[in-house]
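Here's the structure we're looking at; comments come further down.
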Amino acid sequence: MSEQRDDRIAALANIRNLGADPYGSRFVGVQKNAALRAIGDHSNIQPGQILEGEAVRAAGRVHLFRDTGKLIFMTVRDWTGELQWALSKNAIEEGTEARRHEGTEGSAGVPPAAAATLPGSHAAAEEKGESPWPAGDVAWQLAKALHLGDIVGAEGKLGRTKKGELTLWVDRFRMLSKAVRPPPEKWHGLTDVEARYRKRYVDLLANADSQRQFVLRARIIDYIRGVLHQRGFIEVDTPVLQPLYGGAAARPFTTHHNALDMKLYLRISPELYLKRCLVGGLERVYEFARCFRNEGISPRHNPEFTMLELYQAYGDYHDMMEITEAIIAGAARDVIGTYQIGTKARRHEGTEGSAGVSPAVGNVGASPTIQESGDGSAPSVPSCLRASVPDFIDFTPPWPRRRYADLVREHAGIDIADSDAVFAKARELGIPVLLTQGHEPNPEKPGYDRPLRIDTAVAINRIFEHCVEDKLINPTFVIDYPAPLCPLTKRHPTDPRYALRFECFINGMEMGNAYSELNDPKIQHDTFSAQLRGEGDETMAIMDEDYVEALEHAMPPAGGLGIGIDRMIMLLTGSESIREVLLFPLQRPQG
RNA sequence: GAGGAUGUAGCUCAGUAGGCAGAGCAACGGCCUUUUAAGCCGUGGGUCCUGGGUUCGAGCCCCAGCAUCCUCACCA
């Protein structure tokens, strides 16, 4: 049934019969392949030459294996890249003995007492808490019996082959872990999308791009922490399990605590707790908040996702725009290495010849993965051509600030203050609207004389989503939202129909959302009450008495910001699906 | 929830008109001390997603189901 697995399990017994441990143990002092490559680059090793000096240690997974008889080449991969190893029968079989003598001679300068404890490699290995190296003949047999996917360790000297390939000429070799299942095909890797998500470990070990994706994610998040710490923010953790959910418009997951016999919700947003922190005097807080929303799944939605939220006392949404630029544009510049990032989606729309602008992952200056050795596979497009093909996003700050109402007028051709026009447009677009009393068109009374109500605002927002969002490719701050859409936001001081809120759109996706936070407990209470009266969507907000009480203790005026981290990573890495930036996206159980 | 596509060896994929299930890589046996997805000779490996149906005969046609991807709706 699994022939190859059986063969490899049989190989386990053979390894043990040789007196070796197929699953290895401590192996320290290993240099990463990227570091070894750097040494190779700076040492000017000529083809056919071996670099004299200290032996180096390396370890990794066997990715390619070429056995030419008494000489074995293998390509060993670690998370910094690949390195070719060469094992010659003579060197391996005699190498251990030779090195043992070398080791003895080398220890001549060491004080006698120390030298006595280091008579040879076995003692040296034990000194490091490692098991001894296999004898040379055993090591050779281990090497001959390797399978793709095995994890191995070695000591040797760097050199170049006659063809110039940087190579570790191995003189000590050991097994570190036996793979009893075969890896995917060496050239194509694992491409089956379902298998890549279900068996992410296989995807990671087989596809260097997949590894790089998640290393980049980590670096971007580190970068964000750096930006925030520099500005005096502290990282806090607030509850995921909440007796009341709030801070966003979404359906929650529910769960139950047995000991307290209590219904709980998985948070849809950390907002109300972070603002309680502000009340308590934690003036600049942020959280990388895993949030859970019981909604549909799509290439842009996963039931659990990570949102960065931050709150800055005595600031407002203008400060949040500046931080948004610092975070997103800064990550593009410092982690990805450029303000101009191509997107696959945009590239597909372009002409054939426009494919030259690399997606983000292609031009990662800081990538841990080694560059393909100078084969020039991704020539950069001349800047003159690049300028003529709008298939990349330009993150260069500052980003434009556009009023919500202006964008709707520009792209939908209506004045959002005129509720008759709004509903007419909604009908024209086939958008279902919820009409409450007093909103039937009335020629006697122009639409824009009426107060802006929740149903009108919802219709406006549908129009915005339909007509405007996908036009916002380069980063754009959309400011001054219809107030009924923003129950937690301060009203505009001169026009209470609008709220001091922005959303940041990039590549047609909502990337960030920020407010000048509402800190008037009376208005907050009334807003919650209005929601409770059913003037809007069931999911929009629910009364949180404790939160209102917190505001009554006085919350400083503040700016608050939320950034969808997964979407930001998608954008910066050129990923078309959120599942490409989540290690283990939710999948149904296999039938 | 609605529509479309996909599902064949460990992996990547072919599969004709409905007529014995195929290739490359991987694996197994053999040869090879400078290979680059190494090469050469030989061998083994299948719940053709699952369950029904039509047929002398189904990977292929029909019905139902499952999973995944895409589009749409809800949402960030």
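Below, chain A is the first sequence line, B the second, and so on; all start at residue 1.
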**Prompt:** Any cation-pi pair here, Arg501(A) with Tyr515(A), using under 6.0 Å and within 45°?
**Reply:** no

**Request:** Classify the nucleic acid contact of Gly564(A) as base, sugar-phosphate or nothing, counting any heavy atom under 4.0 Å across all strands shown.
**Result:** nothing

**Pair assignment for U50(B), Watson-Crick or G-U wobble, requiring both distances under 3.5 Å** = A64(B)

**Message:** Which nucleotide, if any, forms a Watson-Crick or G-U wobble pair with A58(B), using both distances under 3.5 Å?
**Reply:** none

**Request:** Provide, to the nearest angstrom, the distance between the CD atom belonging to Glu469(A) and the P atom belonging to A73(B).
**Result:** 11 Å

**Asked** Given Gln84(A) and Thr167(A), is the side-chain hydrogen bond (donor to acceptor under 3.5 Å, both in side chains) satisfied, shown in steps?
**Response** CA-CA 5 Å; Gln84(A) 173 168 277; Thr167(A) 299; 3.0 Å; yes

Shorter than 3.5 Å, N or O on both sides, protein versus nucleotides 13-15 of chain B: list them out with atom names.
none

**Prompt:** Tell me: CZ of Arg300(A) to C1' of C72(B), nearest whole Å?
**Reply:** 13 Å

**Request:** Sticking with atom P, work out how far G24(B) lies from U34(B), rounded to a whole angstrom.
**Result:** 26 Å

**Request:** Go through the N and O atoms of the side chain of Thr161(A) and the base of U35(B), and report whether any donor-acceptor pair is under 3.5 Å.
**Result:** yes

**Request:** May I have the distance from Tyr197(A) (atom OH) to C70(B) (atom P), rounded to whole angstrom?
**Result:** 7 Å

**Message:** When the C1' atoms of C41(B) and U55(B) are compared, how many Å lie between them, rounded to an integer?
**Reply:** 44 Å

**Request:** Please evaluate the base of U36(B) for a donor-acceptor partner in the side chain of Thr75(A) within a cut-off of under 3.5 Å?
**Result:** no

**Residue Pro299(A), side-chain atoms from C-beta onward, closest of U71(B), A76(B), U33(B)** = U71(B)

**Asked** So what's C69(B) paired with, Watson-Crick or G-U wobble, going by both distances under 3.5 Å?
**Response** G4(B)

**Request:** Give the rounded distance in Å between these two atoms: NZ of Lys89(A) and P of C31(B).
**Result:** 12 Å

**Message:** When the C1' atoms of C13(B) and C72(B) are compared, how many Å lie between them, rounded to an integer?
**Reply:** 32 Å

**Asked** Which one is paired to G42(B), where only Watson-Crick or G-U wobble pairs with both distances under 3.5 angstrom count?
**Response** C28(B)

**Prompt:** If only side-chain N and O atoms of Arg462(A) are considered, is one of them under 4.0 Å from the OP1 or OP2 phosphate oxygen of C74(B)?
**Reply:** yes

**Item:** Whole-angstrom distance between A26(B) and G45(B), as gauged at atom C1'
**Value:** 11 Å

**Prompt:** Is there a Watson-Crick or G-U wobble partner for U35(B) with both distances under 3.5 Å, and if so, which one is it?
**Reply:** none

**Message:** Both Glu510(A) and Pro184(A) contact RNA chain B. Which one's nearest nucleotide lies toward the 5' end?
**Reply:** Pro184(A)

**Request:** Go through the structure and list residues passing ring-ring contact (aromatic ring centres under 6.0 Å, His included) with Tyr317(A), not counting sequence neighbours.
**Result:** none

**Item:** Nucleotide nearest Thr68(A) when distance is taken to its side chain, options U35(B), C11(B), C69(B)
**Value:** U35(B)

**Message:** So, using ring-ring contact (aromatic ring centres under 6.0 Å, His included) as the criterion, who are the partners of Trp169(A) when residues are at least two apart?
**Reply:** none

**Partner nucleotide of G18(B) by Watson-Crick or wobble geometry (both distances under 3.5 Å)** = none

**Message:** Mind checking if Gln587(A) touches a base, just sugar-phosphate, or nothing, with heavy atoms under 4.0 Å?
**Reply:** sugar-phosphate

**Message:** Taking any heavy-atom pair under 4.0 Å as a contact, classify Trp169(A): base, sugar-phosphate, or nothing.
**Reply:** base

**Prompt:** Between Tyr223(A) and Ile327(A), is a side chain to side chain contact (heavy atoms under 4.5 Å, CB included) present by the stated rule, with each step listed?
**Reply:** CA-CA 8 Å; Tyr223(A) 179 84; Ile327(A) 286 173; 5.9 Å; no

**Short side-chain N/O contact to A38(B) OP1/OP2 from Arg66(A), under 4.0 Å** = yes

**Fill in**
Between CG of Leu472(A) and P of A76(B) the distance, given in whole Å, is 16 Å

**Message:** Taking pairing as Watson-Crick or G-U wobble with both contacts under 3.5 Å, can you name the mate of A23(B), or confirm there isn't one?
**Reply:** U12(B)

**Prompt:** Reading nucleotides 21-28 of chain B from the 5' end, what letters show protein touch, with B for base, S for backbone sugar-phosphate only, - for no heavy atom under 4.0 Å?
**Reply:** ---BBBSS

**Message:** The criterion is side-chain contact (heavy atoms from CB on, under 4.5 Å); which residues satisfy it with Ala326(A), sequence neighbours excluded?
**Reply:** Val227(A), Arg231(A), Glu322(A)

**Request:** Not counting sequence neighbours, which residues clear ring-ring contact (aromatic ring centres under 6.0 Å, His included) with Phe292(A)? List them please.
**Result:** none

**Prompt:** A76(B) P sits how many Å from Glu295(A) CD, rounded?
**Reply:** 8 Å

**P gap between U8(B) and U47(B), integer Å** = 12 Å

**Item:** Interatomic distance at C1', C32(B) relative to A38(B), whole Å
**Value:** 11 Å

**Asked** When only distance counts, do a donor and an acceptor, one from the side chain of Asn90(A) and one from the base of U33(B), lie under 3.5 Å apart?
**Response** yes

**Message:** Can you confirm if the aromatic rings of Tyr197(A) and Phe584(A) lie within a centre distance of less than 6.0 Å?
**Reply:** no

**C1' gap between C28(B) and G44(B), integer Å** = 7 Å

**Request:** Can you tell me, in whole Å, how much space there is between the C1' of U12(B) and that of A27(B)?
**Result:** 16 Å

**Prompt:** Which residue pairs pass the salt bridge (charged side-chain N to carboxylate O under 4.0 Å, His left out) test when at least one of the two sits in residues 141-152 of chain A, sequence neighbours left out?
**Reply:** Asp67(A)-Lys144(A), Asp150(A)-Lys178(A)

**Test side-chain contact (heavy atoms from CB on, under 4.5 Å) applied to Ile221(A) - qualifying residues, sequence neighbours left out** = Arg217(A), Arg225(A), Phe288(A), Ile565(A)

**Item:** Stepwise side-chain hydrogen bond (donor to acceptor under 3.5 Å, both in side chains) check, Arg267(A) with Thr238(A)
**Value:** CA-CA 10 Å; Arg267(A) 72 173 164 206; Thr238(A) 65; 3.3 Å; yes

**Distance test, side-chain N/O of Arg588(A) to OP1/OP2 of A67(B), below 4.0 Å** = yes

**Prompt:** Across the strands shown, which category fits Asn207(A) at heavy-atom distances under 4.0 angstrom: base, sugar-phosphate, nothing?
**Reply:** nothing

**Request:** Could you tell me whether the side-chain ring of Phe73(A) sits stacked on the base of A38(B), using a centroid cut-off under 5.5 Å and a plane angle under 30°?
**Result:** no

**Prompt:** Just checking Gly189(A): base, sugar-phosphate only, or nothing, at a heavy-atom cut-off of under 4.0 Å?
**Reply:** sugar-phosphate

**For Tyr547(A), all residues meeting ring-ring contact (aromatic ring centres under 6.0 Å, His included), sequence neighbours excluded** = none

**Request:** Check every strand shown and say whether Arg579(A) touches a base, only sugar-phosphate, or nothing at a heavy-atom separation below 4.0 Å.
**Result:** sugar-phosphate

**Message:** Both Lys163(A) and Ser577(A) contact RNA chain B. Taking the nearest nucleotide for each, which residue is further toward the 5' end?
**Reply:** Lys163(A)

**Asked** Arg77(A) has an atom CZ; how far is it from atom P of A37(B), in whole Å?
**Response** 13 Å

**Message:** Using a 4.0 Å heavy-atom cut-off, does Arg198(A) contact any base of the nucleic acid, only the sugar-phosphate backbone, or nothing at all?
**Reply:** sugar-phosphate

**Item:** Validation row: Trp140(A), Ile72(A) side chains within 4.5 angstrom (heavy atoms)
**Value:** yes

